[in-house]
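Any value given below was found using the heavy atoms of this structure, including those in side chains, with hydrogens, waters and symmetry copies removed. Remember, it's a predicted structure, so these values are computed and weren't measured experimentally.
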Amino acid sequence: MEQTPMSEKPLPTVVTEPVNITVDGEEITVQNGELLIEACHRNGTYIPRFCYHPRMNPVGMCRMCLVEIDTGRGPALQPSCMIEVTPGMVVDTKSDLVSKVQDGVIEYLLANHPLDCPVCDKGGECPLQDQAYSHGPGESRWVEEKRHYAKPIPISETVYLDRERCILCDRCTRFAKEVAGDPLIHFIDRGANTQVNTFPDEPFASYFSGNTVQICPVGALTAKPYRFKARPWDLQTVESTCTGCSVGCRIEIDSSRNHVLRYNGVDSDPVNWSWLCDKGRFGFESLEAADRLREPLVRSGETLEPASWAAALATAAEAINAASPGSIGVIGGSRLTNESAYAWAKLAKGVIGTDNVDAQLGDGLPADVVFGLPQATIDEVCKPGGTILYLGPDPKEELPVLYLRLKHAVDEDGARIIELAPAGTGLTRHSAVSLNYRPGELGQLVDSLVSGSNSTGENAALSTAAKLIAAAGDSLTVVIGRANLAENAQSVVAAATAIRDAVPGVKFLVALRRGNVRGALEAGLAPGYLPGRVSLTGGQDDQVAAFKSLWGNVPAKQGLDTKGILWAAAEGKLDVLILLGADPLSDFPDRSLARRGVAGARTVIAIDRFPTASVVQADVVLPAAGHSEEQGTTTNLEGRVTVLNQKVTPPGTARPDWMIAAELAWKLGGDLGVDTESSELWAELVASTETFAGAGVDALADTANADGIVITAEPRPLATVEAPHVSPTSAYSLRLVVNRKLYDAGASISRCDSSSALAPAQALRLSPADASPLGLKDLDRVSVTSPNGSLSARVALDSSVPKGTAVLVHNLAEADPGALVASDDAVCEIRVEVG
Amino acid sequence: MIGATTPAPTLIDGVPAVVSSRFGVEGGHTIDGYRSTGSYKGYEAIRKALDMGPSAVAATVKDATVLGRGGAGFPAGIKWGFTPAGVWPRYIVVNGDESEPGTYKDRVLMERDPHQIIEGCLIAAYAIGAAQVFLYVRGEMAHAQERIAAALNEAYAAGLVGRNILGTNFSVDIVLHWGAGAYIVGEETALIESLEGNRGMPRLKPPFFPAAKGLYLKPTVVNNIETLSNLPWLFNNSVDAYRAIGTDASPGTRLVAVSGHVNNPGVFEIPQGTTTFRELFESPIYGNGIRTGHQLKMFIPGGGSAPWFFPEHVDLPLEGRVIGGEGSMLGSGAIVVMDETTDAVRAALRLARFFARESCGKCTPCREGTTWQEKILQRILDGHGRPSDIDLLLDVGDNISPGPYPVASDAAKGLDAIPYPPKQTTICPLGPSSVAPITSAIRRFRDEFDAKIVKRNLIPVSVESFEDAPTLAESTDHGADTHV
Amino acid sequence: MSRLTPENVELAKQIIRRYPRPKSALIPLCHLAQEQDGHLADDAMVHIGELVGVTSAEVLGTASFYEMFKRHEVGKYCVNICTNISCQLMGGEELLEHAEQTLGIRSGSTTNDGLFTLEDVECIAACTEAPALQVNYRYFHRISNDDFDQMIDELRSGRLDDVVPPHGVLAKVRQDLAEEQIANITPPETQVMPRWIADEAAKNDPAASEGGQA
């Protein structure tokens with residue numbers, strides 16, 4: 001494909017209904033009914049455009065894509081972005097009339113457009129600039145005064161708007177409404193005075209605002225983190241994958257002089273369609289955070305002191321050597337690349353010999369469940385006309401681009417969502433049916449949905465949902481995850497197995513949120529498993545033996561998960577706790593246990609990028625490379641393996657996690673079998689597992705696999721799990737829901753300059769029905785008590801919260817709900833009192 | 001002064017008042033007045049229609065060839081038939097957003113005979129199977145809104161609108177909706193957008209033909225106020241009686257507003273297709289002559305969007321196809337007469353300014369082009385024009401409406417007419433319409449432009465303009481009187 | 001600067017009920033707010049957004065498209081003089097100049113006493129009665145300079161209060177369409193073939209009937 005002024009690729013269209021049309025004298029075969037502009041583009045004829053974007057509905061307003069179309073009644077000027085191809089259509093994209101009209105449009109657009117290209121961020125990669133050269137008249141006859149506006153104005157914390165440069169293409173406003181569902185920017189006024197703007201004092205507070213900067217065809221929208229940082233011709237670009245969450249959006253990393261300056265979304269058809277959330281898009285800012293760990297640290301009394309790698313590794317090895325394997329635990333790994341995860345699995349299980357290894361932090365789902373459910377891809381979940389049962393976390397907050405895909409499936413492709421959630425979410429308004437359940441009672445709700453016991457219809461919504469599920473049959477897909485961190489995983493697991501048992505052929509998308517959690521589990525960072533889903537205790541003796549011979553050793557029995565490791569540590573039974581990019585003090589739902597665990601471990605070794613709450617308590621701190629700083633692969637929530645590319649060098653002496661594992665292995669007398677490249681580890685993992693077998697280095701490098709390779713594996717046996725027994729409410733009148741927000745006090749996001757201020761204030765969200773007996777109104781202060789602890793918080797009345805439920809947000813700067821939650825309890829009962 | 005009466009139309013011998021019979025009747029706007037005055041008895045037509053059944057009603061309207069009176073002149077019966085079978089609901093949207101410069105007829109109908117409109121709505125809704133009718137009245141017409149609101153209240157109370165009308169299985173709601181000031185909303189897809197609560201920006205046809213994808217993307221018939229006002233008379237009389245008026249291709253009557261430099265400006269109901277402009281201008285029952293002491297210089301035959309006609313065109317009949325062939329259009333029945341005191345440049349500027357102010361801003365050529373045309377014309381009128389400006393004006397217009405633009409013949413210059421309609425680079429005809437007054441004025445009165453441009457060379461000019469100062473050769477290219 | 005009053009909220013809800021989709025009521029509700037406050041206040045737009053279920057930016061986006069909605073305070077009387085072609089021919093532009101002299105303001109501005117806002121406007125459909133103007137959308141036909149001055153005097157003295165309500169009040173008669181009077185207004189996706197069409201179809205072909213509205 002030739003280099004075109006617009007960066008968007010043509011849609012990947014499969015021709016199932018071929019028709020022939022003639023474009024500029026040549027006959028081409030295209031899909032009947034597809035848009036002409038797409039058909040031409042895919043077949044090598046680029047028609048200039050500004051407003052058209054392949055991932056949004058066409059509006060036909062810039063008029064740049066006018067071509068002459070003859071469908072038998074003589075040639076007529078029509079916008080190729082809105083005309084569907086029909087058999088025999090004859091198209092002229094380069095006639096004198098077309099050229100004249102294109103000249104005219106360019107001259108019109110430039111009439112009021114300032115000629116400030118030399119100081120415009122877009123200069124050099126500007127579709128207006130490029131198309132003015134390729135399809136414009138070359139000069140302007142406009143001698144009048146240009147339109148003037150104050151410039152630029154901030155329309156959000158991250159996005160600036162220069163209305164003088166705006167050509168009113170409706171891309172950003174259309175994106176805000178149609179794609180993001182946040183119509184907070186809009187055309188205002190009329191005619192030549194039309195401008196894009198927000199409502200006064202209501203900023204463009206969308207999680208997806210950065211996309212508007214990427215799709216703006218001029219320099220009207222610019223992003224604070226990139227403004228005036230570089231010129232496009234100074235940038236070096238590689239493709240990679242965002243690991244901010246587990247959706248795995250494809251990105252381009254732009255860097256200059258060893259600094260990452262920008263991420264842009266890449267149109268990966270099965271995943272992100274070029275969109276990114278702002279957390280992902282601007283997440284690179286944390287790479288250069290002032291407190292980024294740049295060198296190893298070793299505890300000396302109360303403080304951590306800089307040390308050489310040799311000394312720090314020696315200290316770590318000494319502690320590990322002094323401990324018995326069973327008293328060593330490894331928490332974390334879902335931030336790692338697949339290669340690093342494999343290296344750490346091999347180090348922990350093969351060299352050290354402990355199975356107390358868990359990539360998750362008590363806020364996910366057991367590996368048994370991830371491996372035991374038939375898997376659906378994002379595309380399968382979002383298929384046109386599909387029915388989706390959603391019982392996971394709020395996707396808008398935790399998996400934002402999955403939310404965009406779900407929203408699109410509903411809005412444009414006729415999919416229907418049945419949402420089961422303890423309180424309203426960002427998905428609720430897009431759901432055909434949204435059913436709220438009290439924490440602990442998901443099991444009953446799912447039973448009545450899939451058993452057909454409620455189809456009599458005493459509850460209209462319930463019976464509608466049941467009918468939708470019944471009608472879907474085996475095309476039903478289910479998204480599961482943890483909607484509530486104050487409720488243990490058992491109820492979700494029970495619901496999942498109940499659905500699996502009741503609906504033959506159903507497929508699941510497991511919505512675990514951390515970047516490479518799926519890859520970490522598949523690579524062996526889970527208790528009881530070796531890489532490739534080989535169970536230590538599940539009768540796969542041959543495969544276990546194979547790893548024993550490859551690794552030299554494997555643990556004899558199943559170890560502890562994160563909760564178990566922390567309990568053991570809290571009880572003084574853990575000699576060494578290794579935190580692999582994990583911060584249990586912020587992330588483990590039960591704060592008390594996390595605190596006791598981290599304090600109770602005799603030696604804590606932390607491998608991380610930042611001095612998190614847990615890291616500062618460690619005895620040995622080893623600085624790790626971050627995103628864009630290392631080469632490797634990652635696996636998204638659907639099991640899609642994609643390539644991560646290095647673009648800059650890590651700060652100081654920080655190094656990739658796999659390298660740290662390898663060096664530690666040597667200190668411990670072992671050998672991970674890796675010499676210089678992480679790809680050696682990947683080759684070993686691919687060669688030694690069925691799961692990754694098709695995703696070798698060569699396969700990933702094949703351009704046919706640009707969107708990555710989905711690993712496939714037969715679901716492992718998974719027994720039906722009973723829903724937890726929850727006793728009726730006691731004196732504690734409300735049940736607590738703890739969920740997440742996109743912006744919180746997380747280690748990376750709180751270190752991004754442009755996003756750190758966006759974390760919301762903590763508030764106990766209550767149903768007005770529960771608030772009024774207590775006389776509570778917004779912002780009143782209450783004390784919240786559970787059997788495990790108490791906290792003080794302000795109240796926010798919220799009618800999307802059902803009566804009997806209260807909601808707090810995990811990991812904000814204030815009012816930590818972890819103080820209320822005990823990891824053993826099926827639900828968290830709370831009492832709310834004024835004051 | 002307020003609500004000052006427009007003289008009731010005077011009728012030619014033997015031509016019945018189809019829509020205007022209550023214009024001069026005191027109380028004709030009330031339900032009692034509607035039932036007891038005028039050329040037919042109100043709310044009898046819907047009774048007859050209900051007896052006929054919906055298919056026969058639709059067939060009657062089609063057979064009568066009731067032409068749309070909003071501007072395009074498309075037969076209403078055929079338009080109704082474009083609604084796809086089996087797709088429900090169907091909506092009727094009544095276009096009462098009369099705003100075309102020179103047009104004054106729907107307001108009279110709304111103010112003087114609102115029940116006639118309501119009965120027309122009922123007949124149309126019954127025929128096509130619409131259970132909801134939205135009557136969109138222009139925002140600035142407070143009095144029309146009051147009259148229609150009062151009439152609807154009466155009609156609902158009398159059981160003529162709402163559930164089980166006249167005891168039948170026919171139920172329909174008619175909702176009065178009103179705009180808020182935007183000419184473009186008179187375009188039917190923009191009207192629909194506006195009715196959906198959006199900015200009145202037109203939709204592209206295809207794919208958004210209202211008959212198939214209109215209001216809420218459901219089948220929608222958009223009819224003009226005057227079009228529907230014809231239906232009660234039609235059903236009270238007959239297809240034959242209706243077709244006996246006017247011509248075969250354009251049966252019935254139509255309302256025209258004759259404004260500008262005539263002695264007796266007014267709204268007149270005339271038979272379609274037969275009356276000539278000369279009759280309209282000169283007959284004592286119509287315009288009663290060009291302003292005494294003056295001569296006709298030019299006239300607009302169909303509203304501000306129509307290319308201009310000149311004295312040699314006064315004998316043309318007001319027949320859509322004839323006028324289209326002669327390079328203009330009948331449009332909305334708005335005839336604006338200009339005598340020799342009229343400054344062609346100033347008139348063109350005023351219309352250009354109208355289109356610039358009313359452009360919705362959606363399509364680049366219209367948004368930027370109409371504004372540019374206004375600026376250039378203003379500059380010329382202010383004495384700051386440049387010789388290249390005339391070609392620039394024409395080319396700016398050409399980029400909105402490419403190719404030869406419709407224009408009347410000019411016998412003196414040996415120029416033929418270019419038939420209507422114009423080509424367009426825009427979604428709707430607003431932008432292309434802006435070209436009409438400019439092309440018309442330049443082709444006929446280029447000397448007036450040149451005279452203003454030459455004047456500019458006598459006053460100090462900015463440094464920037466010097467670069468573009470005309471050479472002697474350029475100056476002499478543009479007409480005879482440039483060597484002042 | 002205000003949200004809708006409780007009475008206007010009730011009226012707003014009644015108006016919303018007349019449309020298959022709430023957003024269709026946006027323009028009528030903006031008129032209601034303008035009637036309440038004399039102009040369209042920001043808070044009112046926020047409130048309207050809440051009532052019809054759209055963002056404030058969407059309300060502003062729609063409202064700002066239409067020139068009748070004034071986002072800032074205007075005079076008690078908006079004097080709109082038509083200068084479009086038919087009125088221009090009959091002296092509309094000269095009348096506007098005269099009005100500027102009489103009121104002592106330029107077109108587009110408001111007198112210091114807050115009584116009059118003067119605008120030149122596009123065709124108001126009174127072309128045969130040129131030059132014409134509107135005061136708060138009430139027509140004044142064939143206005144001479146003397147007529148204009150007299151009209152201003154009468155407006156100042158309140159003698160025209162019966163015919164010209166304060167700016168914002170549009171139609172003084174509203175359609176009264178109570179919920180119980182509505183025959184059949186529901187969202188489009190819930191609509192079916194109307195009864196009278198179904199009955200006729202059934203009569204012609206009894207097998208072809210496909211239900212119908214109540």
Side-chain angles (χ1 to χ4, degrees), chain B residues 1-4 6 53-55 88-89 98-99 101-104 107 129 131-132 139-140 142 145-146 149-150 152-153 156 162-163 169-173 175-176 179-183 195-200 216 218 257-261 265-267 304 336 338 342 347 350-351 354 357-358, chain C residues 18-21 23-28 30-31 52 61-62 65-69 83-86 88-90 122-130 134 137-142 147 151 163 170-177 181-185 188 191-197 199-200 213:
Chain B
M1 290 184 291
I2 296 154
T6 301
S55 310
W88 306 99
E98 180 174 60
S99 325
T103 311
Y104 174 29
R107 175 161 83 90
Q132 291 149 55
E140 291 93 332
Q145 293 155 23
E146 288 168 349
L152 280 172
N153 290 343
Y156 262 98
R163 288 198 197 96
N169 59 4
F170 174 46
S171 302
V172 67
D173 287 303
V175 173
L176 169 61
Y183 162 73
L195 184 52
E196 290 184 5
N198 301 327
R199 301 161 62 78
Y216 316 121
K218 296 292 180 187
V258 181
S259 64
H261 295 147
V267 182
V336 183
M338 297 177 258
T342 311
R350 186 62 193 83
L351 287 165
F354 165 75
R357 279 170 76 163
E358 297 296 346
Chain C
R18 290 173 199 174
Y19 295 95
R21 297 242 165 96
K23 196 185 179 189
S24 282
L26 207 157
I27 290 172
C30 288
H31 278 303
V52 303
T62 295
F65 187 85
Y66 300 94
E67 60 224 30
M68 285 174 74
F69 294 129
T83 56
N84 206 311
I85 187 74
S86 299
Q88 182 195 43
L89 293 171
M90 302 303 286
E122 298 303 341
C123 183
I124 53 177
C127 315
T128 64
E129 315 305 312
Q134 290 185 322
Y137 307 106
R138 268 66 189 172
Y139 283 93
F140 291 75
H141 288 161
R142 304 194 189 199
D147 291 339
M151 178 193 83
V163 279
L170 207 50
K172 290 197 285 185
V173 182
R174 293 183 200 282
Q175 182 178 11
D176 302 320
L177 187 53
Q181 285 179 288
I182 292 174
N184 179 35
I185 295 176
Q191 292 273 323
V192 295
M193 178 191 276
R195 171 59 56 198
W196 70 96
I197 301 288
D199 284 355
E200 185 183 56
Q213 74 176 54

**OP:** Answer with yes or no whether the side chains of Tyr216(B) and Ser24(C) bring together a donor and an acceptor at under 3.5 Å.
**Re:** yes

Subject >> Top contributor to chain C interface from Pro54(B), Ala142(B), Gly260(B), Ser99(B) [non-hydrogen pairs under 4.5 Å] >> reply: Pro54(B)

Original post:
Is the NZ or CZ atom of Arg199(B) positioned over Tyr66(C)'s six-membered ring, under 6.0 angstrom from the centre and within 45° of the axis?
Top reply: no

**OP:** Let me know if Glu200(C) has heavy atoms under 4.5 Å from chain B in its side chain, its backbone, both or neither.
**Re:** side chain

Subject >> Asn153(B) (side chain) donor-acceptor with Arg174(C) (main chain) under 3.5 angstrom >> reply: yes

**OP:** Could you check which of Ser55(B), Gly162(B), Ala182(B) has the highest count of heavy-atom pairs closer than 4.5 Å to chain C?
**Re:** Ser55(B)

**OP:** In sequence, state the C-alpha distance, the side-chain angles, and the governing distance for Val175(B) and Ile182(C), and then conclude on side-chain contact (heavy atoms from CB on, under 4.5 Å).
**Re:** CA-CA 10 Å; Val175(B) 173; Ile182(C) 292 174; over 6 Å; no

Original post:
What part of Ile27(C) is in contact with chain B, defined as an atom under 4.5 angstrom from a non-hydrogen atom: side chain, backbone, both or neither?
Top reply: side chain

Original post:
Is it the side chain or the backbone of Thr342(B) that comes within 4.5 Å of chain C heavy atoms, both, or neither?
Top reply: side chain

Subject >> Closest non-hydrogen atom pair, Asn184(C) against Ala131(B) >> reply: ND2-CB, 3.2 Å

Subject >> Trace of the side-chain contact (heavy atoms from CB on, under 4.5 Å) decision for Glu122(C) with Glu140(B) >> reply: CA-CA 11 Å; Glu122(C) 298 303 341; Glu140(B) 291 93 332; over 6 Å; no

**OP:** Specify the closest pair of heavy atoms between His31(C) and Ala180(B), including all atoms of both residues, with the distance to one decimal.
**Re:** NE2-CB, 3.7 Å

Original post:
So, for Gly129(B) and Pro194(C), which heavy atoms are closest and what is the spacing to 0.1 Å?
Top reply: O-CG, 3.1 Å

Original post:
Top residue by heavy-atom pair count (under 4.5 Å) with chain C, among Asn198(B), Leu351(B), Val336(B), Leu152(B)?
Top reply: Asn198(B)

**OP:** Using the side-chain contact (heavy atoms from CB on, under 4.5 Å) rule, take Tyr19(C) and Leu195(B) through it: C-alpha gap first, then chi angles, then the decisive distance, then the call.
**Re:** CA-CA 9 Å; Tyr19(C) 295 95; Leu195(B) 184 52; 4.1 Å; yes

Subject >> Side chain Asp173(B), main chain Ala183(C), donor-acceptor under 3.5 Å >> reply: yes

Original post:
Out of curiosity, Gln132(B) CD to Gln191(C) CD, how far, rounded to the nearest 0.5 Å?
Top reply: 4.5 Å

Subject >> Shortest non-hydrogen contact from Thr128(C) toward Ala257(B) >> reply: CG2-CB, 3.9 Å

Original post:
Which atoms form the tightest heavy-atom contact between Gly102(B) and Cys123(C), and what is the distance?
Top reply: N-SG, 3.6 Å

Original post:
Ile197(C) versus Trp88(B): any side-chain heavy-atom pair under 4.5 Å?
Top reply: yes

Subject >> Ala130(C) portion near chain B, given a 4.5 angstrom heavy-atom threshold >> reply: neither

**OP:** Would you kindly say whether Arg195(C) and Ser171(B) are connected by a side-chain donor-acceptor distance under 3.5 Å?
**Re:** no

Original post:
Shortest non-hydrogen contact from Tyr104(B) to Ala125(C)?
Top reply: CD1-O, 3.1 Å

Original post:
By a 4.5 Å heavy-atom criterion (distance strictly below it), what part of Gln134(C) contacts chain B: side chain, backbone, both, or neither?
Top reply: side chain

**OP:** Starting at CG of Asn84(C), measure out to CD of Glu358(B) and round the result to the nearest 0.5 Å.
**Re:** 9.0 Å

Original post:
Any donor and acceptor pair, going by atom type alone, linking the side chain of Gln175(C) with main-chain N or O of Leu176(B) inside 3.5 Å?
Top reply: yes

**OP:** Specify which of Thr83(C), Val52(C), Ile124(C), Leu177(C) makes the most heavy-atom pairs with chain B at under 4.5 Å.
**Re:** Thr83(C)

Original post:
Quick one: of Arg350(B), Arg163(B), Gln145(B), who has the most non-hydrogen atom pairs under 4.5 Å with chain C?
Top reply: Arg350(B)

Original post:
Taking His261(B) for the side chain and Met90(C) for the main chain, is one N or O donor matched with an acceptor at less than 3.5 Å?
Top reply: no

Subject >> Interface residue of largest heavy-atom contact number with chain B, from Tyr137(C), Phe65(C), Phe69(C), under 4.5 Å >> reply: Phe65(C)

Subject >> Segment of Arg18(C) engaging chain B (4.5 angstrom heavy-atom cut-off) >> reply: both

**OP:** Determine yes or no for a side-chain-to-main-chain donor-acceptor pair under 3.5 angstrom, with Glu146(B) supplying the side chain and Ala171(C) the backbone.
**Re:** no

